[in-house]
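Atoms within each ligand, like the ligands themselves, are counted from 1 in listed order. Throughout, residue positions are numbered sequentially from 1 according to the sequence presented.
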Amino acid sequence: MNIVLFGMPGSGKGTQANFIKIKYNLTHISTGDVFRENIKNNTKLGKLAKSYLDSGKLVPDKLTIKLLEKKIEENIDSKGYIFDGFPRTIDQGIHLDNFLLKKHLKINLTISLEVDKLILIDRILKRGLESRRIDDQSESKIEKRFEEYNQKTSILKEFYARQNKFFSINGQGSINEVKNRLIMLIDKHKNDWR
Ligand code: ADP
């Protein structure tokens, strides 16, 4: 079972992916987390990615795709994956499909967490107080990330809708409420893939 979680920055992808991975025994792949880990450890990848993350821009596809492939290869025996923050461009989406196909795998379900923009800004600024994430620190950086999402990522909804794999849920309410909506949706579709 392979799931893609979509949503604007702050929509709760990471939080929800952490529940879903445990419930369905999936490997959680968050490209944002991997980039941040590399920046923290000052690796070559971290050095290349840092300026993009700090300014709220997407990291170039070539770099991101390479990293994604490495993560899948490292967990190739997994029962399935939950992708959080990947794909974020059409090229990444096409690449992911082709890469999975070579491994006789495919994306089963893509789910978008829909949250009102004002709520998102509020959530991100609050998170920024604790996370110290540079990209969470100012409204202009948050705006830049929204812009990237609207220009490059949201088009993927159509890409997956054409494959009949796209669904969206209300990402507002308590963490638990959103979790239950997600679980209901996944359980409803689970049997299609058996
Ligand atoms: P959020 O969704 O809250 O912005 P993420 O951790 O998913 O947080 O992403 C943080 C940053 O990491 C992005 O703004 C971007 O710079 C980089 N990033 C993460 N995933 C990708 C991706 N698939 N393609 C390009 N850049 C990415």
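For ligand 1, the atoms closer than 4.0 angstrom to any heavy atom of Lys13 are 2 (O). Atom numbering of ligand 1 starts at 1 in the shown order; those under 4.0 Å from a heavy atom of Gln92 are 22 (C), 23 (N), 24 (N), 25 (C). Close approach of ligand 1 to Pro9 is summarised as follows: ligand atoms under 4.0 Å from at least one heavy atom of the residue are 1 (P), 2 (O), 3 (O), 4 (O). Less than 4.0 angstrom separates some heavy atom of Leu53 from each of these atoms of ligand 1: 11 (C), 12 (O), 16 (O), 17 (C). Short contacts between ligand 1 and Gly10, defined as distances under 4.0 Å to a heavy atom of the residue, involve ligand atoms 3 (O).
Of the heavy atoms in Arg133, only side-chain atoms (C-beta onward) come closer than 4.0 Å to ligand 1. Contacts of Arg36 with ligand 1, taken as heavy-atom pairs under 4.0 Å, involve the side chain alone. Contact annotation: for Lys57 versus ligand 1, heavy atoms closer than 4.0 Å belong to the backbone alone. When non-hydrogen atoms are compared, ligand 1 lies under 4.0 Å from the side chain of Thr64 (C-beta onward) but not from its backbone. Counting heavy atoms closer than 4.0 Å to ligand 1, residue Arg127 contributes side-chain atoms (C-beta onward) but none from N, CA, C or O.
Nearest approach of Lys13 to Phe6, heavy atoms of both residues: CD-C, 3.7 Å. Between Lys157 and Ser112, the shortest heavy-atom distance links the atoms CE-OG, 3.9 Å. For Gln16 against Ile175, the heavy-atom pair with the smallest separation is NE2-O, 3.2 Å. Across all non-hydrogen atoms, the minimal contact from Tyr81 to Asn2 is N-OD1, 3.0 Å. Between Pro9 and Tyr149, the shortest heavy-atom contact is CD-CB, 4.5 Å. Here the shortest heavy-atom pairing between Asp136 and Gly128 reads CB-CA, 3.5 Å.
The shortest contact between atom 26 (N) of ligand 1 and any protein heavy atom is with Val59 N, 2.9 Å. Atom 27 (C) of ligand 1 has as its closest protein heavy atom Phe35 CE1, 3.8 Å.
Not a single heavy atom of Lys50 sits under 4.0 Å from any atom of ligand 1. Ligand 1 has no atom lying under 4.0 Å from any heavy atom of Glu148.
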Under the criterion salt bridge (Lys or Arg N to Asp or Glu O under 4.0 Å), I'd like the reasoning laid out for Lys66 against Glu69: C-alpha separation, chi angles, the key distance, then a yes or no. CA-CA 5 Å; Lys66 218 166 92 188; Glu69 289 184 353; over 6 Å; no
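A side-chain contact (heavy atoms from CB on, under 4.5 Å) with Phe83 is found for exactly one of Ile3, Thr31, Thr110, Ile107, namely Ile107.
Nearest residue to atom 5 (P) of ligand 1 from Arg145, Met8, Arg88, Lys152 is Arg88 (criterion: closest heavy atom). Considering only non-hydrogen atoms, atom 20 (N) of ligand 1 lies nearest to Thr31 out of Leu96, Ile65, Thr31.
Listed by chain and number, the residues in a side chain to side chain contact (heavy atoms under 4.5 Å, CB included) with Asn41 are Glu37, Thr43 (sequence neighbours excluded).
For the pair Leu185/His189, a side-chain contact is recorded, criterion being any heavy-atom separation below 4.5 Å from C-beta on.
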